[in-house]
Q: 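This is the structure, below, for whatever I ask next.
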Amino acid sequence: MDGGSSSALRIVWLYPDLLSTYGDRGNLLILVRRAQLRGLAVEAIEVRSDQAVPADGDIYLLGGGEDGPQALAAQRLAADGGLHRAIDRGAAVLAICAGYQLLGRSFFAKGAKYPGLELLDLDSDRGPSRAVGELVGEPDPALGLPTITGFENHGGRTHLGPGVKPLARVSAGIGNDGSTEGAWRDKIVGTYMHGPALARNPALADLVLGWATGAPLGPVDDTWPGRLRAERLAAVRLG
């Protein structure tokens, strides 16, 4: 990782002390590695929940978490305002599970409804059952992504408003509601996929990197990610 050059790509992992389940830190590692493979200088910044959120990052990451930490994270991010300022200046965001939910208008935690950050036009509530297992979907064609694959483990259901588009249409698993998975607008994408998501979906990692750099990315060797994807997609087909 780069030592902190002002010209480096700044990737900010928000609140790892509250939102970091199911290997979601792997998304940070994947982005750093894929940037370095293109010869880009990278600065990885981990911001705990008692620290101010820098507004000058290029990519912001939010992971999954339990109800209590999720509610606390939403409250502190709203009070801080740094993430909103970063998005206003054009930063990209990848949010997973609880992090995805709290970007919306509202979510449920600890049996109560909490206000979200209102960065995505969606609301989340409790579903009739817990969604656990493999998650597969066909992405919005506008994103130019191949089939997505991940692991989900959540009790919520997410309802999209007209201000966002689904990340994908579900072919296996539940995602938002059994029909769609995740959401996106501009340079913000949210998903229920763990795995970590970017290890299974390197094209999604490159999409986010491209949003942040504003430039085309050269190809890299995806032999090993391709094998992982093939193995997980075959597991779903075999039931």
Side-chain angles (χ1 to χ4, degrees), residues 1-3 7-13 16 20-46 58-64 92-97 99-100 132-153 166-173 175 181-182 184 187-239:
M1 296 181 188
D2 190 84
S7 63
L9 184 72
R10 292 167 60 85
I11 304 176
V12 183
W13 185 26
S20 180
T21 58
Y22 300 111
D24 289 333
R25 185 174 186 271
N27 293 321
L28 174 66
L29 302 180
I30 293 295
L31 286 173
V32 168
R33 179 59 177 161
R34 295 184 75 81
Q36 291 174 334
L37 288 172
R38 272 70 177 234
L40 299 174
V42 186
E43 182 180 1
I45 304 163
E46 298 187 9
D58 299 297
I59 300 172
Y60 291 78
L61 302 176
L62 290 156
V93 178
L94 172 67
I96 309 296
C97 202
Y100 165 42
V132 181
E134 292 295 307
L135 177 60
V136 178
E138 297 307 316
D140 183 339
L143 295 173
L145 298 173
T147 301
I148 60 169
T149 168
F151 176 82
E152 63 180 341
N153 187 348
L167 172 62
R169 297 287 171 180
V170 170
S171 56
E181 151 55 15
W184 74 281
K187 298 180 183 179
I188 305 173
V189 60
T191 175
Y192 277 112
M193 293 187 299
H194 299 284
L198 299 187
R200 293 197 186 199
N201 302 281
L204 178 57
D206 288 351
L207 176 68
V208 174
L209 285 172
W211 284 344
T213 62
L217 299 175
V220 297
D221 183 357
D222 277 331
T223 299
W224 286 106
R227 290 180 181 179
L228 172 62
R229 286 176 53 77
E231 190 274 335
R232 297 319 305 155
L233 291 170
V236 172
R237 289 194 296 269
L238 294 173

Q: What side-chain donor-acceptor pairs closer than 3.5 Å can you find for residues 231-239, not counting sequence neighbours?
A:
| from | atom 1 | to | atom 2 | distance (Å) |
| --- | --- | --- | --- | --- |
| R232 | NH2 | E134 | OE2 | 3.1 |

Q: Show the nearest heavy-atom pair for residues I148 and A168, with the distance to one decimal.
A: CD1-CB, 3.5 Å
Q: Applying salt bridge (Lys or Arg N to Asp or Glu O under 4.0 Å), which residue pairs with at least one partner in residues 188-199 are found, sequence neighbours left out?
A: none
Q: Verify side chain to side chain contact (heavy atoms under 4.5 Å, CB included) between L207 and L145, making sure each step is shown before the conclusion.
A: CA-CA 8 Å; L207 176 68; L145 298 173; 4.1 Å; yes
Q: Might you point out which heavy atoms bring L167 and G190 nearest each other, and give the distance in Å?
A: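 What the structure gives for the nearest pair is CD2-O, 4.2 Å.
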Q: Tell me, please, which residues at least two apart from R38 pass side chain to side chain contact (heavy atoms under 4.5 Å, CB included).
A: R34, L40, D206, L209, L217, V220
Q: Is the closest side-chain heavy-atom distance between T149 and L135 below 4.5 Å?
A: no
Q: State, yes or no, whether a side-chain contact exists between W13 and S20 at a heavy-atom distance under 4.5 Å.
A: yes
Q: For a quick test of reading the model, state the closest non-hydrogen atom pair linking D140 to P166 and the distance between them.
A: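 Minimum heavy-atom contact is CB-O, 3.7 Å.
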Q: Do E181 and T191 pass the side chain to side chain contact (heavy atoms under 4.5 Å, CB included) test, and can you show the C-alpha distance, the side-chain angles, and the key distance before you say yes or no?
A: CA-CA 7 Å; E181 151 55 15; T191 175; 2.2 Å; yes
Q: Are E138 and S171 close enough, and set up right, to give a side-chain hydrogen bond (donor to acceptor under 3.5 Å, both in side chains), and what steps lead you there?
A: CA-CA 7 Å; E138 297 307 316; S171 56; 4.6 Å; no
Q: List in chain and number order the residues that pass side-chain hydrogen bond (donor to acceptor under 3.5 Å, both in side chains) with N201, two or more places apart in sequence or in another chain; answer none if no residue qualifies.
A: R229
Q: Can you find a heavy atom in the side chain of V93 that is under 4.5 Å from one in the side chain of K187?
A: no
Q: Working to the nearest 0.5 Å, report the span between CG of L94 and CD1 of I59.
A: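 One finds 9.0 Å between CG of L94 and CD1 of I59.
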Q: For D58 versus A8, what's the shortest heavy-atom pair and its separation?
A: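 Looking at all heavy atoms of both residues, the closest pair is OD2-O, 3.8 Å.
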Q: Residues two or more places apart in sequence or in another chain: which of them pass side-chain hydrogen bond (donor to acceptor under 3.5 Å, both in side chains) with T213?
A: none
Q: On a heavy-atom basis, which atom in P196 and which in G26 lie closest, and how many Å separate them?
A: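 Result for this residue pair: CG-CA, 3.8 Å.
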Q: Where is the tightest heavy-atom contact between C97 and G64, given as atom of each residue plus distance?
A: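 Taking every non-hydrogen atom into account, CB-CA, 4.1 Å.
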Q: Go through the structure and list residues passing ring pair (Phe, Tyr, Trp, His ring centres under 6.0 Å) with F151, not counting sequence neighbours.
A: none
Q: Any ring-ring contact (aromatic ring centres under 6.0 Å, His included) involving residues 192-233? Give me the pairs, sequence neighbours left out, ordered by first then second residue.
A: Y22-H194, Y100-Y192, H154-Y192
Q: Using the test salt bridge (charged side-chain N to carboxylate O under 4.0 Å, His left out), find all partners of E46 that sit at least two apart in sequence or belong to another chain.
A: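 By the salt bridge (charged side-chain N to carboxylate O under 4.0 Å, His left out) rule, E46 matches R25.
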Q: Distance check, rounded to the nearest 0.5 Å: M193 atom CE versus D24 atom CG?
A: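 Between M193 CE and D24 CG, I get 11.0 Å after rounding to 0.5 Å.
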Q: Are L204 and L198 close enough, and set up right, to give a side chain to side chain contact (heavy atoms under 4.5 Å, CB included), and what steps lead you there?
A: CA-CA 6 Å; L204 178 57; L198 299 187; 3.8 Å; yes
Q: For R33, run the side-chain contact (heavy atoms from CB on, under 4.5 Å) check against I30, L37, L31 and tell me which one passes.
A: L37
